[in-house]
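Residue numbering restarts at 1 for every chain, and letters A, B, ... go by the order of the sequence lines. Everything numeric in this text was worked out from a predicted model, so none of it was measured.
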Amino acid sequence: MKIVACVKAVPEEQDISIKPDHTLDLSKAELKVGQYDLNAVEAAVQLQEATGSEEPLLVSIGTPKGLKNTKLQKAMLSRGAGALFGVADDSLDSIDALATASILAAAITKIGGVDLVVCGEGSGDIYSQQVGPLLGQLLGFANLNAVSRITPRGEKLEVERTLENEVEVLEVTLPAVLSVTTDINKARIPGLKEILAAGKKPITVWGAGDLAMTAASNIEVISTLAPPKAERKQIVLEGDSDENISQLADNLRKVL
Amino acid sequence: MSKLAKVFVFAEHVDAMRELAQGAAQLGETTALIWAGDKSQAGGTDTVYYLGELSNERILEHYAPTIINLIKTEQPSLVLVESSRKGRLMAGIIAAAMGTSVLADAAQITVDNGVVTQRMVYGGAALSTERSTAPTTVATVSAGIFEATDTGKAANLVEVPFIAPAPTVKCLERKIKAGESVNLRAAKRIVAVGRGFTSPEELQLAEQLAAAIGAEVGCTRPIAEEEKWMDKARYIGVSGVMAKPELYIGIGISGQVQHMVGVSSARTIIAINSDKNAMIFNQCDYGIVGDLKTVLPALTAKLSK
Ligand SMILES: Cc1cc2nc3c(=O)[nH]c(=O)nc-3n(C[C@H](O)[C@H](O)[C@H](O)COP(=O)(O)OP(=O)(O)OC[C@H]3O[C@@H](n4cnc5c(N)ncnc54)[C@H](O)[C@@H]3O)c2cc1C
């Protein structure tokens, strides 16, 4: 079974600062692998282990800053995947979900012979939760989200979906795109050995021109602004002495 | 505000159907609902396109080719989609089939040279205003954006002929989950717990405080999604409940933006955390640096007096 997991480099949200005009300053934000993509990688690796197939491949779309960054490449490849395919171009910063899905579709088609694509629930930054669903439709594969368990059943997969009020158990014929929940597994934490080994894994980075695709978008971002922040008193007592707790209780009583 | 010619609603739950039908009426000259399942529940729009029953043989996803065909034929200007799991999947399927992207998690929708939505990005650190000029715009809509209407009967019920999908997904079983019904969005006081709690038993400390002050108990995402100590309907934040309490007490919660944005409009924020550098202390009115196992029993006792 040829398995691909999709991963995105996202800015560390704690390093995002807000400029006086309320726009965001991302320049100091380090890039990291989207938190929920780790579950997709883990699900792909666990399925590979269960079926004895070749190591899963990773596909990532983004800017050269992210995809050619060796620390980030290692963060992606130290969790059990065998190789990384990137599509990097400066024009691919903040593209919409359809554009991302079309480029992923083109990359997956170029890789060829892919049976299963695993996506996370949503990217760590924009979190539209749409790339998996769009990608499944573009590729014409079986297409499911909210997948909370994947079990191989011969040539097929048995998949559990956790929805708001019900759980579905489904039999899926490959090829498929599955978007997994964040509780499908606990993503492994790579050790030093895995991180070193990741440096030796094959990495292919394509430019936007290397793929057959049209990523025209009819959605325009008018503005991205931080909302006004409420002023807070920030009266913080240090230490859980009885006196401090009494004072907190007094403050709390005033607002009850 | 100018109106769109034709606005469609796609919902799977009745509550969302009622809200989105109201939204469709505000935004569109004519409105229609795409509905599967219990036919008697459908309404609130000028037209209902009824797909058929739901069963193991036919889950909602099996209607995808039927829905795509309907939308390609009817060419609505906008499809408002419930932001449930199945709604999100169908939004992506419809959008890809129509060659457009999805305006996701709209918290506000207006018509202004296209469809303009506002949504949170970067975990709630920013609001993004986006405009779609697609011939058919697809938007998933957050709960509570429109007020639910009384669903009057639709003037016009159209039974849509079924188009069989590729036989690649077979439903083996459907189990109803025993979910809790709690509406944190309406709570005036919330006591919220985070990963600073180390066992489900410890949560009682927070429940006792909540009982003493008449508050609902909420939590951070990992407490619901990873630990599964609380129902998902109780987690607060950008991907959970956007609450608007008067009072919020966050206990054992670090204060990351994805969570805090869900209570940012609270009049008073109180924080209890053992780490004096926890981010939540920069966003609170009153705080105490201390162990929740010490602070909570004492605080509850003092407030119960
Ligand atoms: C796309 C995306 C969407 C997300 N959406 C949400 C969302 O909607 N809601 C949400 O909550 N999260 C969301 N998250 C997750 C979020 O980023 C944080 O991981 C999460 O909110 C942290 O939860 P926490 O504060 O409980 O845990 P932690 O960050 O681990 O904090 C635990 C805190 O407990 C304190 N503590 C430990 N022991 C004690 C003790 N004995 N007494 C007192 N304090 C103690 C620690 O000092 C620490 O500050 C999202 C993440 C992403 C990437």
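Of the two parts of A:Gln247, neither the backbone nor the side chain holds a non-hydrogen atom closer than 4.5 Å to a non-hydrogen atom of chain B. Contacts between B:Val116 and chain A at a heavy-atom distance below 4.5 Å involve the side chain alone, from C-beta outward. Neither the backbone nor the side chain of B:Glu246 has a heavy atom closer than 4.5 Å to any heavy atom of chain A. For B:Met90, no part lies under 4.5 angstrom from a heavy atom of chain A. Heavy-atom distances place no part of A:Pro175 under 4.5 Å from chain B, backbone and side chain included. Both the backbone and the side chain of B:Leu299 come within less than 4.5 Å of a heavy atom in chain A. Residue contact with chain A, scored on non-hydrogen atoms closer than 4.5 Å, involves the backbone and the side chain of B:Ile269 alike. Both the backbone and the side chain of A:Asp242 come within contact range of chain B, with heavy atoms under 4.5 Å apart. Only the side chain of B:Lys232 comes within contact range of chain A, with heavy atoms under 4.5 Å apart. Both the backbone and the side chain of B:Lys175 come within contact range of chain A, with heavy atoms under 4.5 Å apart. Using a 4.5 Å cut-off between heavy atoms, B:Pro167 contacts chain A through its backbone alone, with no side-chain atom that close. Both the backbone and the side chain of A:Ile126 come within less than 4.5 Å of a heavy atom in chain B. With a 4.5 Å cut-off on non-hydrogen atoms, B:Asp291 touches chain A through its backbone and its side chain both. Of the atoms belonging to B:Ser274, not a single heavy atom falls under 4.5 Å from chain A. Residue contact with chain B, scored on non-hydrogen atoms closer than 4.5 Å, is absent for A:Thr100. Residue A:Leu24 touches chain B through its side chain alone, counting heavy-atom pairs closer than 4.5 Å.
Chain B forms the most heavy-atom pairs under 4.5 Å with one residue out of A:Leu174, A:Thr173, A:Val169, and that residue is A:Val169. Of the listed residues A:Leu170, A:Leu135, A:Thr224, the one with more heavy-atom pairs under 4.5 angstrom with chain B than any other is A:Leu170. Chosen from A:Pro227, A:Ala176, A:Ala230, A:Ala146, the residue pairing most often with chain B at heavy-atom distances under 4.5 Å is A:Pro227. Comparing B:Glu226, B:Arg131, B:Arg174, B:Glu173 by how many heavy-atom pairs each has under 4.5 Å with chain A, the most go to B:Arg131. Note: A:Leu144 leads A:Leu144, A:Val10, A:Asp250 in heavy-atom pairs under 4.5 Å with chain B. When each of B:Thr140, B:Asp105, B:Asn282 is scored by its heavy-atom pairs under 4.5 Å with chain A, the top score falls to B:Asn282. Per-residue counts of heavy-atom pairs under 4.5 Å with chain A were compared for B:Gly123, B:Gly124, B:Ala266; the largest is that of B:Ala266. Highest contact tally toward chain B, considering only A:Leu248, A:Val236, A:Leu157, is held by A:Val236 [criterion: heavy-atom pairs under 4.5 Å]. Each of A:Asn143, A:Leu138, A:Ile18, A:Thr23 has some count of heavy-atom pairs under 4.5 Å with chain B, and the biggest count is that of A:Asn143. With chain A as partner, the option from B:Ala104, B:Ala271, B:Cys284 having the largest number of non-hydrogen pairs under 4.5 angstrom is B:Cys284. Annotation: maximal heavy-atom pairing with chain A below 4.5 Å, among B:Met279, B:Gln283, B:Lys86, B:His13, occurs at B:Lys86. When B:Val102, B:Val121, B:Ile272, B:Ile176 are compared by the number of non-hydrogen pairs under 4.5 Å with chain A, B:Val102 comes out ahead.
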Worksheet item: Which is it for A:Leu256 and B:Arg189 under the side-chain contact (heavy atoms from CB on, under 4.5 Å) test, yes or no, and what are the steps along the way?
Response: CA-CA 9 Å; A:Leu256 288 179; B:Arg189 293 172 184 171; 3.8 Å; yes
Fill in: Verdict with supporting geometry, B:Leu89 and A:Arg161, side-chain contact (heavy atoms from CB on, under 4.5 Å)
CA-CA 12 Å; B:Leu89 178 63; A:Arg161 275 176 104 199; 3.5 Å; yes
Practice prompt. Might you work through the side-chain contact (heavy atoms from CB on, under 4.5 Å) test for A:Gln129 and B:Ser83, ending with a clear yes or no?
Written response: CA-CA 10 Å; A:Gln129 304 173 63; B:Ser83 57; over 6 Å; no
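Annotation: side chain of A:Ser246 is in contact with side chain of B:Lys302 (closest heavy-atom distance under 4.5 Å). Side-chain atoms of A:Leu252 and B:Ile249, non-hydrogen and from C-beta on, do get closer than 4.5 Å to each other. Proximity of B:Arg119 to A:Ser128: side-chain heavy atoms (C-beta onward) are separated by under 4.5 Å at one or more points. Considering only heavy atoms from C-beta on, A:Leu225 stays 4.5 Å or farther from B:Leu127 through its side chain. Within the 4.5 Å cutoff, side-chain heavy atoms of A:Glu164 are placed close to those of B:Glu12.
Contact residues of residues 25-33 of chain A toward chain B are A:Leu26 (heavy-atom distance under 4.5 Å). When the heavy atoms of residues 55-64 of chain B are compared with those of chain A, the residues falling under 4.5 Å are B:Ile59, B:Glu61, listed by number.
Across every non-hydrogen atom of A:Gln234 and B:Phe281, the tightest pair is CG-O, 3.8 Å. Annotation for B:Leu303 and A:Ala249: closest pair CD2-O, 3.9 Å, computed over non-hydrogen atoms. Of all non-hydrogen atoms in A:Asp240 and B:Gly290, the two that sit nearest each other are OD2-CA, 3.4 Å. The two residues A:Ala142 and B:Thr168 come nearest to each other via the heavy atoms CB-OG1, 3.7 Å. Nearest approach of A:Ala97 to B:Ser101, heavy atoms of both residues: N-OG, 3.5 Å. Closest of all the heavy-atom pairs between A:Tyr36 and B:Arg221 is OH-NE, 3.1 Å.
Remark: side-chain polar atoms of B:Lys177 are paired, donor with acceptor, to backbone N or O of A:Leu163 under 3.5 angstrom. A donor-acceptor contact shorter than 3.5 Å is absent between the side chain of A:Glu238 and the backbone of B:Val289.
For the side-chain hydrogen bond (donor to acceptor under 3.5 Å, both in side chains) test, no residue two or more places apart in sequence or in another chain qualifies with A:Gln137.
Rounded to the nearest 0.5 Å, atoms CG (A:Leu98) and OG1 (B:Thr100) are 6.5 Å apart. We find the OH-CG distance between B:Tyr286 and A:Asn251 to be 4.5 Å, quoted to the nearest 0.5 Å.
Judged purely by distance below 3.5 Å, without hydrogens or angles, the side chains of A:Thr182 and B:Glu225 pair a donor atom with an acceptor atom. Remark: the A:Thr181 side chain and the B:Arg85 side chain contain no N/O donor-acceptor pair separated by less than 3.5 Å.
Applying the side-chain hydrogen bond (donor to acceptor under 3.5 Å, both in side chains) test to every pair with at least one member in residues 257-271 of chain B, sequence neighbours left out, gives these pairs: A:Glu13-B:Gln258, B:Tyr248-B:His259.
Applying the 6.0 Å contact sphere to NZ of B:Lys228 captures more than 12 heavy atoms from other residues, nucleotides or ligands.
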